[in-house]
Structure formats: C-alpha cells, structure tokens
Amino acid sequence: MAGFRSEFLRVLDERGFIFQCTDPAGLDALAQAGGLVAYVGFDCTADALHVGNLVSIMMLRWLQRTGHRPIVLVGGGTTKVGDPSGKDESRRLLSDEDIAVNKRGILRSLQKFLDFGEGGALLVDNAAWLDELRYIPFLRRYGRHLTVNRMLTFESVRQRLEREQPLTFLEFNYMVMQAYDFLELARRYGCRLQMGGSDQWGNIVCGIELAHKTDRITLYGLTSPLITTASGAKMGKTAQGAVWLDDNKVSPFAYWQFWRNTEDADVGRFLRLFTELPLDEIRRLEALEGAELNEAKKILAYEATRLCHGAEAAERAARAARAVFEGAGDGLEGLPVVAVSRARLAQGVPVVELLTRAGLAQSLSEARRLIRNGGARLDGRKVEDERLVVTLAMVGAEGLKLSAGKKRHVLIRAES
RNA sequence: GGAGGGGUGGCCGAGCGGUCAAAGGCAGCAGACUGUAAAUCUGCCGGCGUAUGCCUACGUAGGUUCGAAUCCUACCCCCUCCA
C-alpha cells in the first residue's frame with residue numbers, strides 16, 4: 001500500500017499505524033484535498049486514558065499535525081451500553097456522574113497530545129444525540145438499513161456466539177449506536193473518517209454502510225494493528241494494571257521507566273508509533289545491538305514521556321533514572337515523592353508502613369514479604385529487619401530513597 | 001415450564017466431611033544471571049502479626065456435625081438439552 005500522496009497517510013503508513021483501510025486510494029485523495037475531519041471514539045469507562053489508547057491518540061495527533069481536524073468522541077452515551085468487542089463479560093453500567101468525571105479525566109489526558117484551541121481538535125460526547133433517541137422513529141429510520149444477518153457476521157458478535165457466552169441485546173446494539181455516531185458526526189461536522197483499533201473494524205464498517213444507505217455519502221475507515229509486545233503481551237498492561245497517561249495515576253518517572261523497559265525487539269516499532277522522531281533517526285537507533293540498544297530505549301523513554309508529560313518532566317525522569325541506575329549525579333528529586341509529616345516521622349514510622357504508603361507494597365504482609373525476599377532497600381542498603389522503624393533523622397532534609405526491587409523507587413520526604 | 005450440569009483465591013482449574021488458606025498452571029512480586037531486555041533458575045504469592053496465634057475466604061442465607069469448600073434445605077446466577 002505504498003505510495004500515498006497525502007502527507008497524513010504517508011506518515012501513518014511509514015510509521016506502522018495502518019492495519020486496514022476501507023478505501024486507501026479514496027481516502028488518500030480526500031486527505032490530499034485537505035481539511036479532512038476524522039474521529040476516534042473513546043469509551044468513558046475510566047477517568048483517564050492509558051497506553052493502550054496511545055496508538056489512536058497518536059493517529060489523531062498526526063492528523064492534526066498534517067493539517068487536518070481531529071474529533072475526539074467520548075462515549076457518554078455508548079458507555080451506557082457497553083462495547084462487546086472486549087469479548088469478556090458484559091461491562092458494568094456506569095452512572096451519569098461517573099461518566100461526567102471520566103469525561104473530564106479523558107480530556108485531561110488528551111490535552112497533552114492535541115490542541116483543542118480555536119479551530120483545533122473537538123471533543124464531542126455522543127450522549128448529545130444518543131440520550132434522546134426515540135426508539136420507534138430510530139428503528140423506522142435506521143433499523144431498516146441494518147440487517148441482523150450482517151451484524152451476526154461481525155467478529156465481536158461471532159466470538160461471543162462461538163464461545164457460547166451471552167451477548168445481550170443491549171450490547172448487540174452497541175454497534176448500531178457506534179454506526180449512528182459516525183453518521184451523526186458526518187452530518188454535524190463533516191467528519192469523513194473514523195479511526196480505531198483493529199477490533200473496531202466491524203463497528204466502523206457498519207457506520208460507513210449506514211451512512212451510505214441513508215445519506216448517500218462515502219465515509220472511510222482506518223484501523224491500526226493491535227499492539228502487543230514481542231512476547232505477546234497486550235501493550236500497556238503491567239503489574240498494577242494499565243499504564244495511565246495521567247501523572248496522578250502513573251508518575252512521569254514510572255512512565256519513563258515503562259518505556260525504558262521495552263523489550264529489545266519492540267524498540268524500533270515503538271519509536272515509530274510512540275515518538276515523533278524522524279524515520280532515519282529511528283532506523284539508526286533500532287540498528288543498535290546488544291547493550292547499545294539501551295541508548296535507544298532511553299531516547300524512546302524520553303520522547304514518549306515528553307509527549308505525555310512535557311519536556312521538563314521527561315528531563316527530571318531521565319535524570320532520576322541516571323541517579324538511581326547509574327549512580328550519576330543527584331537527580332533523586334525526579335522520583336515520585338511520598339510526603340510524610342514531620343510529627344509522624346518524629347515518632348518513627350515502621351518501614352512496612354512506609355512501603356505500603358508509597359505504593360510499593362499493597363499490604364503490610366506484602367511489605368514484610370518483600371523484606372524477607374531481600375527486595376526492600378533504604379538509600380540503597382538492604383533492609384534486613386522487617387520491624388525497622390524509620391525516623392526523622394534517617395529521612396533528613398534531602399529525603400530518603402525507598403526501593404522495592406531494582407526498579408521501583410520512591411523518595412520519602414518529611415513535610416511539616 | 002420439564003430434565004440435567006455447574007458457580008472455588010486476579011484468571012484457568014483440582015478438591016468432594018477433618019491432615020484445606022485450599023493441588024497444579026498462568027499472571028504478579030522478589031532474588032540469581034544479564035544490558036533497567038529476552039530466556040532460564042530459585043523463593044514468595046488472602047489479611048493482621050514477634051508468634052507453632054487470630055481473622056476473613058470456596059455463589060447467598062440457614063441447617064446437620066465435635067468438625068463443612070466438601071452433607072442437607074431454600075434462594076440467586078450461569079450453561080446444556082427438551083417443550
């Protein structure tokens with residue numbers, strides 16, 4: 001599918017964003033003409049986005065950078081229905097309040113990547129039209145164009161049926177809602193393209209077909225490959241769950257570390273997808289071998305963190321990493337800080353409690369185990385006694401580095 | 001509506017009156033080896049805890065028993081077949 005003429009598709013293609021496209025040539029021409037409006041939908045099930053959403057976000061970012069207009073559709077309405085594509089069990093239904101909170105968080109995550117200023121990216125909530133949809137008129141107008149035969153062939157549905165897991169009518173309607181969203185966005189904002197992960201293909205196509213039948217307009221769909229790590233794990237899921245793009249949930253230091261720990265085989269691919277470095281630079285970096293490749297990982301970590309948290313935070317994270325892992329300089333202030341009151345420290349705080357508070361262990365028992373396994377350290381020295389009590393003097397003015405294993409570190413600070 | 005099967009720790013999955021905080025696998029955490037990689041090996045892996053100690057847990061609620069994840073009753077949920 002080489003030879004795109006529009007900058008937008010060329011970039012996406014070269015960087016590995018394209019999995020399927022309904023009509024590459026047609027879309028290319030449209031993009032070439034300029035002023036393309038495209039959207040990606042995010043559901044509202046959490047109060048932030050995570051690394052798993054990053055591919056879509058980067059596609060929107062490139063869209064904007066190459067002179068087009070991104071629309072972010074949050075599923076305030078569809079979240080009330082629940083996407084069956086996840087193939088797990090039905091999702092829990094959220095209240096309006098949850099959804100409102102989540103929407104704000106999602107916007108917060110996105111603002112770092114997209115410009116929502118005048119004439120820029122648009123944030124739209126499909127509750128605007130879905131909430132007041134009237135059943136009979138809707139069925140008469142759109143239901144006639146959608147055949148169950150067709151819908152049953154979609155992957156998301158087929159999987160459920162084959163696995164003999166229940167698929168409720170409510171969920172079955174998800175794709176209808178999403179199809180209608182596309183149509184509605186086309187009407188309201190002239191949106192012509194929907195992008196998403198490869199699991200969204202069926203839903204996207206459904207919208208394209210609907211729009212063609214009702215409004216006789218041609219819409220386009222573009223999906224990105226499902227990103228897994230070289231060893232097959234789903235991207236962006238780690239120990240504590242998702243790697244969030246929100247610095248309140250995942251510190252810039254932890255975010256930087258996430259990228260730094262990329263598997264060798266993924267470095268090139270991730271540089272293309274998750275940074276904006278020029279391709280020849282990336283080719284040079286991914287050609288590095290053995291331990292040299294670590295340099296590429298640091299650059300990946302820096303660039304990815306910069307996009308998400310800004311240059312300054314990325315810098316601090318990089319410095320903290322150098323201090324912690326290479327013993328170079330004092331960049332410890334870049335570590336996530338856990339503040340403990342002076343008064344508390346004056347009385348003495350058990351290390352196990354500190355470990356738990358710092359999020360390095362989930363319970364006191366786990367903290368204890370960590371110590372028994374020899375994984376807990378204070379300023380680099382192994383904690384031998386699980387009953388150890390940390391005092392104000394130990395923390396000092398500089399703070400005290402508390403570590404769980406080689407990779408998780410936190411700075412304990414006294415606070416008045 | 002009828003008949004049958006099933007609900008066990010984050011997931012899968014054994015257990016079917018005591019020796020069960022519950023085999024095994026996956027995931028996770030830590031240690032060793034390395035390059036903050038991968039692979040491999042070792043340990044840990046409900047909570048509280050100085051503790052051979054206590055608490056919570058095998059769908060829910062009761063009951064039988066010295067003792068129940070295991071037996072009985074009711075209820076809820078899921079699946080299969082029949083109508």
Side-chain angles (χ1 to χ4, degrees), chain A residues 86-92 160-168 171 228-243 251-271 285-302 304-305 314 317-328 331-332 334-336 350-353 355-378 380-389 401-410:
Chain A
K87 73 189 164 255
D88 311 29
E89 314 271 299
S90 314
R91 290 182 192 167
R92 147 184 113 83
R160 281 280 187 98
L161 296 179
E162 271 167 24
R163 289 159 179 245
E164 300 182 345
Q165 280 173 339
L167 174 71
T168 63
E171 296 169 288
T228 54
T229 67
S231 24
K234 208 169 188 178
M235 177 74 186
K237 297 271 179 194
T238 56
Q240 281 78 36
V243 178
S251 69
F253 178 76
Y255 192 77
W256 194 95
Q257 283 298 321
F258 168 76
W259 294 103
R260 173 63 245 263
N261 286 306
T262 297
E263 291 177 36
D264 286 8
D266 291 327
V267 172
R269 196 161 48 109
F270 286 4
L271 280 166
L285 289 171
E286 70 181 333
L288 295 172
E289 288 190 19
E292 297 259 288
L293 196 53
N294 283 332
E295 289 313 308
K297 291 185 190 180
K298 286 179 198 169
I299 292 170
L300 169 63
Y302 175 79
T305 307
R319 232 180 304 131
R322 273 197 295 279
V324 170
F325 291 96
E326 296 164 22
L332 290 183
L335 292 177
V351 230
V352 285
E353 190 186 319
L355 283 164
T356 315
R357 262 227 240 169
L360 299 177
Q362 304 240 329
S363 65
L364 298 181
S365 297
E366 196 179 303
R368 230 168 251 124
R369 266 181 248 130
L370 182 69
I371 295 170
R372 276 179 213 168
N373 291 334
R377 260 179 295 270
L378 276 172
R381 278 186 321 274
K382 195 197 276 184
V383 177
E384 304 282 358
D385 181 3
E386 48 187 89
R387 275 167 294 175
L388 181 74
V389 171
K401 185 180 72 170
L402 179 63
S403 319
K406 296 197 178 64
K407 297 190 189 171
R408 292 142 68 217
H409 308 273
V410 130

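Quick note on labels: first sequence line is chain A, next is B, and so on, each numbered from 1.
- Using a 4.0 Å heavy-atom cutoff across all strands shown, A404(A) reaches sugar-phosphate atoms only and no base atom.
- Each of G375(A) and Q257(A) lies near RNA chain B, and the nucleotide nearest G375(A) is the one positioned closer to the 5' end.
- Annotation: of the two residues near RNA chain B, A321(A) and G405(A), the 5′-most nearest-nucleotide partner is G405(A).
- Under a cut-off of 6.0 angstrom, the local environment of CD in E289(A) is sparse, with at most 12 non-hydrogen atoms contributed by other residues, nucleotides or ligands.
- Applying the salt bridge (charged side-chain N to carboxylate O under 4.0 Å, His left out) criterion to R372(A), with sequence neighbours excluded, gives E386(A).
- Note on G290(A): a base of the nucleic acid sits closer than 4.0 angstrom, heavy atoms only.
- Here the side chain of K406(A) is nearest to one of U36(B), A30(B), G31(B), namely G31(B).
- You'll find the side chain of T262(A) reaches within 4.5 Å of the side chain of W259(A), heavy atoms only.
- Atom CZ of F258(A) and atom C1' of A37(B) are 14 Å apart (whole Å).
- W256(A) comes within contact range of at least one nucleobase, with a heavy-atom separation under 4.0 Å.
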Note, RNA chain B 5' to 3' with Watson-Crick or G-U pairs under 3.5 Å encoded as ( ), [ ], | and . gives ((((((((.[[[..)..(.....]]].(((((.......))))).(((....)))...[[[[[..)....]]]]]))))))).
Taking only N/O atoms, report every protein-nucleotides 47-51 of chain B pair under 3.5 Å with atom names and distance.
| unit_1 | atom_1 | unit_2 | atom_2 | d |
| --- | --- | --- | --- | --- |
| G47(B) | OP1 | S363(A) | OG | 2.9 |
| G47(B) | OP2 | R369(A) | NH2 | 2.3 |
| C48(B) | OP1 | L364(A) | N | 2.9 |
| C48(B) | OP2 | S363(A) | OG | 3.4 |
| C48(B) | OP2 | L364(A) | N | 3.4 |
| C48(B) | OP2 | S365(A) | N | 2.5 |
| C48(B) | OP2 | S365(A) | OG | 2.3 |
| G49(B) | OP2 | R368(A) | NH1 | 3.2 |
| G49(B) | OP2 | R368(A) | NH2 | 2.7 |
| G49(B) | N7 | R368(A) | NH1 | 2.7 |

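- Among the nucleotides G35(B), U36(B), A30(B), the one closest to any side-chain atom of L370(A) is A30(B).
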Scoring nucleotides 38-43 of chain B by protein non-hydrogen atoms under 4.0 Å (B base, S sugar-phosphate only, - none) yields S----B
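- The residue R322(A) sits apart from the nucleic acid: no heavy atom pair falls under 4.0 Å.
- Take R369(A) and apply the salt bridge (charged side-chain N to carboxylate O under 4.0 Å, His left out) test, not counting sequence neighbours, and it matches no residue.
- Evaluation of the side chain to side chain donor-acceptor pair (under 3.5 Å) rule for E286(A) yields R272(A) as partners, not counting sequence neighbours.
- Counting non-hydrogen atoms under 4.0 angstrom, E292(A) reaches nothing in the nucleic acid.
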